[in-house]
J.: 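One structure, as structure tokens, below. Some questions next.
Residue indices begin at 1 and follow the sequence shown. In this text, all values refer to a predicted model and were calculated from it rather than measured experimentally.
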Amino acid sequence: MDLKISVNFDFGKLANNIGDIMDEYTRGYAKESERASKDNIDKGLSPPLHTVTRLIRFKRKQPLRPPLKASGKLYKSIRQEKSSLKMLNYGLEHHKGFTTDPKSMIPNKDVEPRPFIDTIAKNKKELDKKFMESTNKALASKVRTG
């Protein structure tokens with residue numbers, strides 16, 4: 001009795017392509033994160049601005065809504081750069097929450113987080129699906145019988 005084994009995958013081929021597949025996935029994820037993060041800011045974020053912050057914006061002739069878009073500098077800085085999401089460094093502070101500097105206009109104040117860095121679930125599913133398709137395609141090979 002002869003035993004025949006067929007192979008229809010090639011891990012070597014996948015290894016040769018995995019870098020490009022990962023780069024494509026992370027570039028797409030960063031681009032979607034840029035779009036979703038800006039959309040989140042445009043929609044407005046919780047918690048609402050405190051009275052003091054609204055007063056400061058009023059005196060500076062900045063819009064009172066939405067939070068994180070007073071001067072527009074942070075918003076304009078959010079961008080995809082290769083496989084990364086880049087923005088001004090204080091963006092992450094606002095995303096996570098922080099305590100104001102002792103020398104600021106409002107010293108030593110705890111600022112609640114306004115989580116805005118995100119991706120859209122539907123788009124993430126599409127990115128994941130494309131990643132799996134690319135991986136499967138790179139893994140597939142002609143059937144070899146041994």
J.: Hydrophobic cluster membership, with links at side-chain heavy-atom distances under 4.5 Å among I/L/V/M/F/W/Y: are Phe98 and Leu92 in one?
T.: no

J.: Please tell me whether Ile120 and Ile41 are part of a single hydrophobic cluster in this structure, the criterion being side-chain heavy atoms less than 4.5 Å apart.
T.: no

J.: For a quick test of reading the model, state the closest non-hydrogen atom pair linking Ala70 to Pro63 and the distance between them.
T.: O-CD, 3.4 Å

J.: Mind checking whether Lys86 and Ser84 have side chains closer than 4.5 Å, heavy atoms only?
T.: yes

J.: Does Ile106 offer a backbone N or O that forms a donor-acceptor pair with the side chain of Ser104 under 3.5 Å?
T.: yes

J.: Would Arg79 and Glu81 pass as an ion pair if we require N to O under 4.0 Å?
T.: yes

J.: Determine, stepwise, if the pair Leu14 / Thr135 fulfils side-chain contact (heavy atoms from CB on, under 4.5 Å).
T.: CA-CA 7 Å; Leu14 176 61; Thr135 302; 3.9 Å; yes

J.: Could you give the distance from NZ (Lys103) to CG (Asn108), rounded to the nearest 0.5 Å?
T.: 12.0 Å

J.: Mind listing the side-chain donor-acceptor pairs of residues 17-28 below 3.5 Å, one per line with the distance, residues two or more places apart or on another chain?
T.:
from	atom 1	to	atom 2	distance (Å)
Asn17	ND2	Lys13	O	2.8
Glu24	OE2	Lys130	NZ	2.9
Tyr25	OH	Asp128	OD1	2.6
Thr26	OG1	Met22	O	3.0
Thr26	OG1	Asp23	O	3.2
Thr26	OG1	Ser83	OG	2.9

J.: Do the side chain of Ser77 and the main chain of Leu88 share a donor and acceptor less than 3.5 angstrom apart?
T.: yes

J.: Would you mind listing every salt bridge (charged side-chain N to carboxylate O under 4.0 Å, His left out) that reaches into residues 62-78, with sequence neighbours excluded?
T.: Asp42-Lys69

J.: Under 3.5 Å, is there a donor-acceptor pair between the side chain of Thr100 and the main chain of Lys109?
T.: yes

J.: What is the distance from atom CG of Leu127 to atom OH of Tyr29, rounded to the nearest 0.5 Å?
T.: 8.5 Å

J.: Would Phe116 and His94 count as a ring pair (Phe, Tyr, Trp, His ring centres under 6.0 Å) if you check the C-alpha gap in whole Å, the side-chain angles of each, and the deciding distance to 0.1 Å?
T.: CA-CA 9 Å; Phe116 67 96; His94 281 285; 8.0 Å; no

J.: Is any side-chain heavy atom of Asn123 closer than 4.5 Å to one of Arg35?
T.: yes

J.: Are Leu68 and Ile117 co-members of a hydrophobic cluster defined by side-chain heavy atoms under 4.5 Å apart?
T.: yes

J.: Name all residues meeting the ring pair (Phe, Tyr, Trp, His ring centres under 6.0 Å) criterion together with Phe58; count only those two or more places apart in sequence or in a different chain, and write none if there are none.
T.: none

J.: Report the C-alpha separation of Met87 and Leu74 in whole Å, then their side-chain angles, then the decisive distance to 0.1 Å, and conclude whether the side-chain contact (heavy atoms from CB on, under 4.5 Å) test is met.
T.: CA-CA 7 Å; Met87 70 185 73; Leu74 173 63; 4.3 Å; yes

J.: Name every donor-acceptor pair, under 3.5 Å, that has one atom in a side chain of residues 44-56 and the other anywhere in the protein, sequence neighbours excluded.
T.:
from	atom 1	to	atom 2	distance (Å)
Thr51	OG1	Arg54	NH2	3.4
Arg54	NH1	Leu49	O	2.4

J.: Spell out, as yes or no, whether a donor-acceptor pair under 3.5 Å connects the side chain of Arg57 to the backbone of Gln62.
T.: no

J.: Could you name each residue pair satisfying salt bridge (charged side-chain N to carboxylate O under 4.0 Å, His left out) that touches residues 114-123, not counting sequence neighbours?
T.: none

J.: Can you list the residues that meet the salt bridge (charged side-chain N to carboxylate O under 4.0 Å, His left out) rule with Glu34, with sequence neighbours excluded?
T.: Lys31, Lys38

